[in-house]
Structure formats: structure tokens, C-alpha cells
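Scroll down for the structure; my scribbles are underneath it.
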Amino acid sequence: MLDPQLLRKDPEAVAKRLKAQSFDFDWQRYADLENRRKQVQSDVEAMQGDRNRISKQIGKLKRDGGNVEQQMEQMSQLADGLKSGQDDLASLQAELSELAAGTPNLTHESVPIGSNEDDNVEVRKWGTPRAFDFDVKDHVDLGSAGAMLDFDMAAKLTGSRFVVMQGQMARLHRALAQFMLDVHTQEHQYTEYNVPFLVNPDSLHGTGQLPKFEDDQFRTTDDSPYYLIPTAEVPLTNMFRERIVEEADLPYRCVAHTPCFRREAGSYGRDTRGMIRQHQFEKVELVHIVHPENSYEALEELVGNAEKILQKLELPYRTVTLCTGDIGFGAAKTYDIEVWLPAQDTYREISSCSNCEDFQARRMKARFRGKSGKPELVHTLNGSGLAVGRTLVAVIENYQQKDGSISVPEVLRSYLGCDRISG
RNA sequence: GGAGAGAUGGCAGAGCGGUUGAAUGCGGCGGUCUUGAAAACCGUUGAAGGUUUGUAGCCUUCCGGGGGUUCGAAUCCCUCUCUCUCCGCCA
């Protein structure tokens, strides 16, 4: 959520900036609602003040055995106006907060202007794609040996966009997650968490998935529904919802390995082959809760922590800054890390690291007590470190051998107990 | 699933339907004392919103969420959520 002060002061300027992010903010409607709210609220508060004063008089008079008829008369005159004023105020405020809740974050000044992913800007490239002296296969073909990756089986069990992994492939997948957690906890000072995979609507609202992205979520059918988490960012960040932490305890660095569930509504036909885009995938997620002054340093650290995993796995990648047209709803700045996939002859997203500044913190009232003694909003960051399924794809494809087997990256050998897997 | 108890400020914990935004303790902050610190003592200390040039005043709201009774609700009633205890069931 954007700062309401900012919206009030100059909604037109905000609308102008959002326009560059291709979001159409109805600033005139906002300003109009805001003016009415101001009037109604001060009227209501004046009436409430009267009510309180008269009420106290009645108490006093009754105790002294006085006559309260006149006061009772005043009260009944107040009642109607107060009630309708309160109703008006409530509906005005509901409209305003709905408008605010659906408005994306403003981007940082360093974010490049652009309309889509073609305008993202590469900031660095690491490693050199390997030269193959044979025709490369993609992970689907490589995994079909011995049914190590079985998409048909998953379709039978559930439907499209799921996978069954078997034998050494399942183990390689597990090893990757384990390896990532170990690096982040042992080398990058993260605290490991194991969190619920189902969360309530308040949590999804806090991180910004609700109300706008309801259609992307899996939801239970209960009267009070739960949602399957689309990312561990949701439970991790919401641990700080409606909480005031000590300034000295900042920053918090959290890591969790969870499954993630996404409806992928609107991406029909995209990446239908293989496990690049699944309804269920696993991810090791990194979350920072930081002092507002440090959030951009923290973002660089966070990206570095995620990149480190690819470096240790010796997978070539590049890092890009998302432009205003491609950046997500709650982010002020986002780096995507894209790993080299030889079968696609291109770099594909494997991590997305964002600084949300105070956007999520304001929604969820995540605060710290600063030197002033007043609670201030923290800044929140999140990033994949990394998407496990996509990392598996990258390992399979980059480490494939001529005979269709897959050699195991050096750092994973102690986890697997072998240096090569094959169906 | 059955029976009962509870949810109050950063934390713990009082609270008769009217002067309770809320006792008390801890913690925090300021001070006295001290070479410094601790201890002790004194003082201070909730959040959100509105108004305003204002971190000054003034006003409003908030005692788990929602609804109700009442001139007036932290206090009474209903309901939901969560926590705890006992019984049953269960990975």
C-alpha cells in the first residue's frame, strides 16, 4: 500500500508516476472521495464528542439525583445524524482503502523505464555456457530415461503441470533444496524456518496477493478459507505482521524451504512442456526485514546470496533489473536471476529478488521502534534462493553427457553419494 | 467430537455499566547517586486517525474479530476466531 499522506497531498503526481508503470490510477475519484471523507469524518467526530460530553453529564446528574430529561432529549436528537454519518464514513473509507489496496508500489528511481521484459536491463553475467559436441536434449527427454521425470504419471494422479520424480532424480531434487538451505544458514547468516503451507486471507493481503491476485491462488472451500501459499514469502514476511520489533534486532534474515502452489491462470499454452511452469513446485525462499535506511544494501546482499548458489553449482547465469513494465505489484525494485538453459539456448528466470520498501510493511503494520520512540515501518525484501525445480532443470540440462546420463555437480556429490545419475 | 476456562498496553497482569486510556509489576526512556557500571530512589512511557506549517495543542477511535442491548459498554447479551485444561479419536 502506498503512503496515504502521499496520495492525499498530490494524487495527480502519484497517478503520473504510476502511468509510467502502465497503471491507470483514478486520481480524481480518489481526491473526490478523500474530500468527502474529510468532511464527514470531522462531522462525525464532533457528534461523537457531543455524545460523550452529554453522557458524562447524565452520569454525574444521576449520581447527584438530578433531572436528566433535557440531556436525554439532546441525545435522541443526536442519534440519527450520528448513525447515518458513521455509515457514510465507513463506506467512504471502504472505497478509499479498496482503491489503495489495488494500487501497485511506486518504483525506485534506479528502475529502468520500459513496457515489457524486453526492456529489462542486464547488470551482470556469470560463467560461460558450455560448448557441446553433441545434440543437447532438454530435461524432459533426459528425464524420461527410467521414468526419472514422469509427467504422464502426474497427469494421471492429478492433471497437467505436475510431475513425479523417481529414484536418483527425486534424490537430486531433495539434495538441491538441502544444499541451498545449508549454504544460506551456514554461510549467509539466515535463520531457518519451517512454516505452514496454508495461510489465512490476512496473510495474503499483507504481502499483496490479495485482493488483486485472488485468481492466481488455490483456496480451500471452507466458510473461512485458507490459501495454499504461492511462495514462502507469504508466511515468512507475515510473521512480522502487526508486530513492533526492537530496532537493535534488525535485520531479520529468514529462509524456508516450502512447496509453492500457483493456479497459473492466464498462462495457458506457456511452458506447457516440462517442469518450468508447474502448479506445485519447491522453492527455498529468502526474506529480509530491515531498517529503511539499509534496504537497498540488503537487496544487493540478497541477490548475491541467491547468485552464490548458482556459482557453487557452476551454472552460468545473468542478472537483470526489471523495468517498470515488468516489475511486480509490490516491488519498488526487482532483480531477476536467469540461468542458462542449453536446450532452450537462452537464459530463464530462476530467482526474483525484490525490495518492497514499506509497501508490504504498511499493509501488515510491520514496524520497529526507532530512536524517536515512535513505531516506524520496516522495509521488507524477498527473493528465491532458488526455485528448486528450475534449478533441477538447469543442472540436468547443463550437466548432461553424450550418453544421456547426468554428471553431478561437485558440491552435490556428498549429498548424493555418487557423481553421475542415469535412468 | 464432548465438557469447561480464557483473550486487556512491548511483555506479564488488575479492572463495580458512568471522573478507566485503563491499577500494579517488568521492560524502555530521562534524572539523582557513582571514576564508570550495577543496585537503589525519583520521574516518564500505548497505538491509529483527524485538524494543523507543526514530532506543540485540540478532537475522535481502539481492551481478540463482527453484531446487539443501553442516554452511556473493557465491563451485559449473541456470534466467530484463537489459546489453555480434561475426556474421546487420530498421523
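We name chains A, B, ... by the order of the sequence lines, and we start the count at 1 in each one.
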Work out how far the [atom1] atom of [N] is from that of [M], and round it to whole angstrom.
{"N": "B:U75", "M": "B:U61", "atom1": "P", "answer": "15 Å"}
{"N": "B:G65", "M": "B:C58", "atom1": "C1'", "answer": "31 Å"}
{"N": "B:G36", "M": "B:C16", "atom1": "P", "answer": "48 Å"}
{"N": "B:A23", "M": "B:G46", "atom1": "C1'", "answer": "15 Å"}
{"N": "B:A73", "M": "B:G68", "atom1": "P", "answer": "12 Å"}
{"N": "B:G9", "M": "B:G28", "atom1": "C1'", "answer": "13 Å"}
{"N": "B:C77", "M": "B:A5", "atom1": "P", "answer": "12 Å"}
{"N": "B:A40", "M": "B:C33", "atom1": "C1'", "answer": "9 Å"}

More than 12 heavy atoms from other groups under 6.0 Å of OH on A:Tyr252: yes
At under 4.0 Å between heavy atoms, what does A:Arg37 touch on the DNA or RNA strands: base, sugar-phosphate, or nothing?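 Sugar-phosphate: the residue A:Arg37, judged by heavy atoms under 4.0 Å, touches backbone atoms but no base.
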Without decimals, in angstroms, what is the distance between [X] [atom1] and [N] [atom2]?
{"X": "A:Gln41", "N": "B:U52", "atom1": "CD", "atom2": "C1'", "result": "14 Å"}
{"X": "A:Glu242", "N": "B:C82", "atom1": "CD", "atom2": "P", "result": "15 Å"}
{"X": "A:Glu73", "N": "B:G72", "atom1": "CD", "atom2": "C1'", "result": "17 Å"}
{"X": "A:Leu61", "N": "B:U19", "atom1": "CG", "atom2": "P", "result": "14 Å"}
{"X": "A:Arg367", "N": "B:A47", "atom1": "CZ", "atom2": "P", "result": "9 Å"}
{"X": "A:Lys83", "N": "B:C71", "atom1": "NZ", "atom2": "P", "result": "15 Å"}
{"X": "A:Lys9", "N": "B:U52", "atom1": "NZ", "atom2": "P", "result": "13 Å"}
{"X": "A:Lys38", "N": "B:U51", "atom1": "NZ", "atom2": "C1'", "result": "9 Å"}

5' precedence on RNA chain B between A:Tyr226 and A:Glu246 (nearest-nucleotide basis): A:Glu246
First of A:Ser76 and A:Lys60 reached from the 5' end of RNA chain B, by closest nucleotide: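 Nearer the 5' end of the strand: A:Lys60.
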Which residue pairs pass the ring-ring contact (aromatic ring centres under 6.0 Å, His included) test with at least one member in residues 47-97 of chain A, sequence neighbours excluded? none
So, are A:Asp138 and A:Arg273 salt-bridged, with charged N and O less than 4.0 Å apart?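 A:Arg273 and A:Asp138: salt-bridged.
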Nucleotide of [options] approaching [X] most closely (side-chain heavy atoms):
{"X": "A:Lys56", "options": "B:A47, B:C71, B:U19", "result": "B:U19"}
{"X": "A:Ile244", "options": "B:C82, B:G18, B:G10", "result": "B:G10"}
{"X": "A:Ile58", "options": "B:G18, B:A47, B:U51", "result": "B:G18"}

Checking side chain to side chain donor-acceptor pair (under 3.5 Å) for the pair A:Glu314/A:Tyr399: CA distance, chi angles, key distance, verdict? CA-CA 10 Å; A:Glu314 299 181 72; A:Tyr399 280 84; 4.6 Å; no
At what distance, to the nearest 0.5 angstrom, does CZ of A:Arg420 lie from OG of A:Ser405? 4.0 Å
State the OG-CG distance between A:Ser351 and A:Leu302, to the nearest 0.5 angstrom. 7.0 Å
Can the ring centroids of A:His288 and A:Tyr190 be said to lie less than 6.0 angstrom from one another?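 Judged by ring-centre distance (under 6.0 Å), A:His288 and A:Tyr190 do meet the cut-off.
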When you measure from the side chain of A:Asp119 to the backbone of A:Ser115, do you find a donor-acceptor pair of N or O atoms at a distance under 3.5 Å? yes
What does nucleotides 59-65 of chain B look like as a protein-contact string, B for base, S for sugar-phosphate only, - for none, at under 4.0 angstrom between heavy atoms? BSS----
For RNA chain B, write out the stems as range with range, using runs of 3 or more consecutive Watson-Crick or G-U pairs with both distances under 3.5 Å. B:1-7 with B:81-87, B:10-12 with B:24-26, B:27-32 with B:40-45, B:46-51 with B:57-62, B:64-68 with B:76-80
Which residue pairs pass the side chain to side chain donor-acceptor pair (under 3.5 Å) test with at least one member in residues 92-114 of chain A, sequence neighbours excluded?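 Qualifying pairs, neighbours excluded: A:Gln21-A:Thr107, A:Arg29-A:Glu95, A:His108-A:Ser110, A:Ser110-A:Lys333.
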With A:Lys212, which residues qualify under side chain to side chain contact (heavy atoms under 4.5 Å, CB included), at least two apart?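 With sequence neighbours excluded, A:Lys212 shows a side chain to side chain contact (heavy atoms under 4.5 Å, CB included) to A:Phe23, A:Phe329, given in chain and number order.
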Residues at least two apart in sequence or cross-chain that pass ring pair (Phe, Tyr, Trp, His ring centres under 6.0 Å) with A:Phe218, listed by chain then number, are A:His279
N/O (side chain, A:Lys365) to phosphate O (OP1/OP2, B:A48) under 4.0 Å: no
